[in-house]
Amino acid sequence: MIRHIVFFKFQEANGLNKNEICKQIKNKFDALPSKINLIKKLTCGIDFLHSERSFDMALEVDFQNVDDMNAYQTHPEHVAIVEFMKPYKTAAAATDFNL
């Protein structure tokens with residue numbers, strides 16, 4: 001099994017504040033397991049501490065293997081979320097490891 005973890009920071013844009021942006025993006029990620037059968041488990045959370053070192057959102061996705069993770073990266077449903085986030089995302093950090 002492979003675990004893919006991503007942290008995101010967002011900025012306000014298009015009339016949306018960061019809380020609204022995070023809620024919309026979380027809803028989109030939460031819907032992915034029903035659309036992409038390669039996902040074994042998905043957890044998405046919005047930061048509530050807002051400390052200096054905090055990111056705004058974290059995403060954790062488990063896959064059976066690296067090939068499934070790579071296919072997820074180019075899946076149209078995932079790509080649509082990436083495109084939606086572009087005007088809002090200011091930073092991201094990721095790590096991938098074997099379970």
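As the structure is a prediction and not an experimental result, all values here were calculated from the model.
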4.5 Å side-chain heavy-atom contact, Val6 and Met57: no

Glu83 with Lys86: basic N within carboxylate O range, under 4.0 Å: yes

Heavy-atom side-chain proximity of Met1 to Phe63 below 4.5 angstrom: no

Lys23 NZ to Asn17 CG distance, which is reported to the nearest 0.5 Å: 8.5 Å

Side chain to side chain, Glu60 and Leu42, heavy atoms closer than 4.5 Å: no

Under 3.5 Å donor-acceptor, His4 side chain and Asp96 backbone: no

Heavy-atom closest pair, residues Gln73 and Val79: O-CG2, 3.7 Å

Same cluster (ILVMFWY, side-chain, under 4.5 Å), Ile25 and Phe7: no

Reported CD1-to-OG distance for the pair Ile36 and Ser34, which is rounded to 0.5 angstrom: 9.0 Å

Same cluster (ILVMFWY, side-chain, under 4.5 Å), Phe29 and Phe84: yes

Parallel, tilted or perpendicular, as decided by the 30° and 60° cut-offs, for the rings of Phe8 and Phe10: parallel

Donor-acceptor contact present, side-chain Gln24 to main-chain Ile21, <3.5 Å: no

Rounded distance [0.5 Å steps], CG in Asn37 versus CG in Leu32: 12.0 Å

Short N-O contact, Glu12 and Lys18, less than 4.0 angstrom: no

Residue pair Ile39, Asp62: steps toward the side chain to side chain contact (heavy atoms under 4.5 Å, CB included) verdict: CA-CA 6 Å; Ile39 296 171; Asp62 292 349; over 6 Å; no

Working for side chain to side chain contact (heavy atoms under 4.5 Å, CB included), residues Phe97 and Ile2: CA-CA 6 Å; Phe97 56 91; Ile2 303 293; over 6 Å; no

Donor-acceptor under 3.5 Å (Asn14 side chain, Leu16 main chain): no

Close side-chain approach of Gln64 and Leu38, heavy atoms under 4.5 Å: no

Ile81 reachable from Ile5 in the ILVMFWY side-chain graph, under 4.5 Å edges: no

Test side chain to side chain contact (heavy atoms under 4.5 Å, CB included) applied to Phe55 and Asp47, step by step: CA-CA 7 Å; Phe55 278 72; Asp47 177 68; over 6 Å; no

Lys/Arg-Asp/Glu bridge criterion (N-O < 4.0 Å) met for Lys9, Asp56: no

Minimum heavy-atom distance between Pro87 and Ala13, given as atom pair plus value: O-CB, 3.8 Å

Interatomic distance, Gln11 atom CD to Lys89 atom NZ [nearest 0.5 angstrom]: 11.5 Å

